[in-house]
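These notes are about the structure you will find just below.
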Amino acid sequence: MPMAFKSCPPVAASLAGSGGDATEVAQWAQMDLRGEAWGEVVERCPLFGGLTEDELRLVTSLARERRLRRKGVFFREGDKPCALHLLLTGEVTLKQASVDGQEVIVRLVGAGEAFALASALEGATYPVTAEALRASHALVWDQPAVQELLNRIPSVSRNALAVLLRRIRELEQRFREVATERVAQRLARTLLRLARHAGRKVEGGVLIDLPLSREELAQMTGTTLFTVSRCLAEWERQGLVEAGREKVLIRSTHGLVTVAEDLPSRGE
Amino acid sequence: MIARTLRPTFTVAQVIASWPATATAFSRYGMACVGCTMASFDTLAEVAATYRQDLEAWLEELSFLAGVPFRIDREATRRDASKLERPHRSKGGR
């Protein structure tokens, strides 16, 4: 049962360096209206779970906000100092590039999720580039704010540990998939993961409504654009999916799970 | 969710969460639904079709396990189904 967290103040004025021009004023007006909803997102984020109302107020008061358009960049690989981010709305990809420029999507961040937590704790450079997949809006805690949160709210450190451990487990699982599974199986898993993350039940199946290109699907699966297209075409023939431009409709969730889990296709 | 009868449009996840006793009726029919990642999307009707089971007989068994009366409410089922949005399909030209 989430506690009432109504009296959330507007996010603090660390809109530093961008004095009160007209656009900032407009943003402030929006912030007052939305302060309450943010409180809910902050409260529901596992990183801030179990905090008292006063602590939650401190958390929001130390944050600044950032809004980006689609394709906007929150930070780039190698940048520093690192800030902690909590995505309020939108979708963000965390990408890493290899030396020869090939990109891999390490993670897809959805609304309500924190990102760059490890970098913010470590104080090192960002290991990934965070790019908005669609218009995105985030709360940001800079280094001093992160330190203050850790010092003043013990549960934040504990929660951070739990969040990071979960991330490690997810990465271990993905590593196992990459090491042992066929590409088709991995791609099926990627699609199912995306469906869980952003899927919507519609007539005729489950729609993954994310502006992801096939190139990006390949980057998430650890394969090539060519292989993704070939798999999707094959699955379209089998009636498992319908793949449009930056849109995938899973027509047979059962069929796709069968591929992902390598189940015997009984009942098909 | 408090429903008085099971409807074919309920998702597997809803049904198992509301009436855990129904879980056995999935495994007994060889359905891999319990714990499936897509359980929150697939409806009882879709599961029955996928596994080629008679929907009404299966619903009757599920209702028995759930301890709710078995009744086919076609009107409610149609209402549920019509709430689904039609996906905009852009299938042209590539």
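Sequence lines set the chain letters: A, B, ... in the order given, protein chains first and strands last, and positions in each chain run from 1. Computed from a predicted model, the values in this text were never measured in an experiment.
Looking at S40(B), neither its backbone nor its side chain comes within 4.5 Å of chain A, counting heavy atoms on both sides. For chain A, no part of C33(B) is nearby; none of its heavy atoms comes within less than 4.5 Å.
E46(B) contributes atom CD, which lies 3.0 Å from atom NZ of K201(A) (distance to the nearest 0.5 angstrom).
Nearest heavy atom pair, residue D42(B) against residue H254(A), reads OD2-N, 4.3 Å.
Around the CZ atom of F64(B), the shell of radius 6.0 Å holds no more than 12 heavy atoms that belong to other residues, nucleotides or ligands. Around the CZ atom of R69(A), the shell of radius 6.0 Å holds no more than 12 heavy atoms that belong to other residues, nucleotides or ligands. Remark: R167(A) CZ is packed, more than 12 non-hydrogen atoms of other residues, nucleotides or ligands lying under 6.0 Å away.
Within residues 180-192 of chain A, the residues having any heavy atom closer than 4.5 Å to a heavy atom of chain B are L192(A), listed by residue number.
Residues satisfying the side-chain hydrogen bond (donor to acceptor under 3.5 Å, both in side chains) test with S98(A), not counting sequence neighbours, are D100(A). The salt bridge (Lys or Arg N to Asp or Glu O under 4.0 Å) test applied to R107(A) returns E113(A), not counting sequence neighbours. Here E61(B) pairs with R28(B), Y29(B) under the side-chain hydrogen bond (donor to acceptor under 3.5 Å, both in side chains) rule; sequence neighbours left out.
Under the 4.5 Å side-chain criterion, counting only non-hydrogen atoms from C-beta, R193(A) is not in contact with T37(B).
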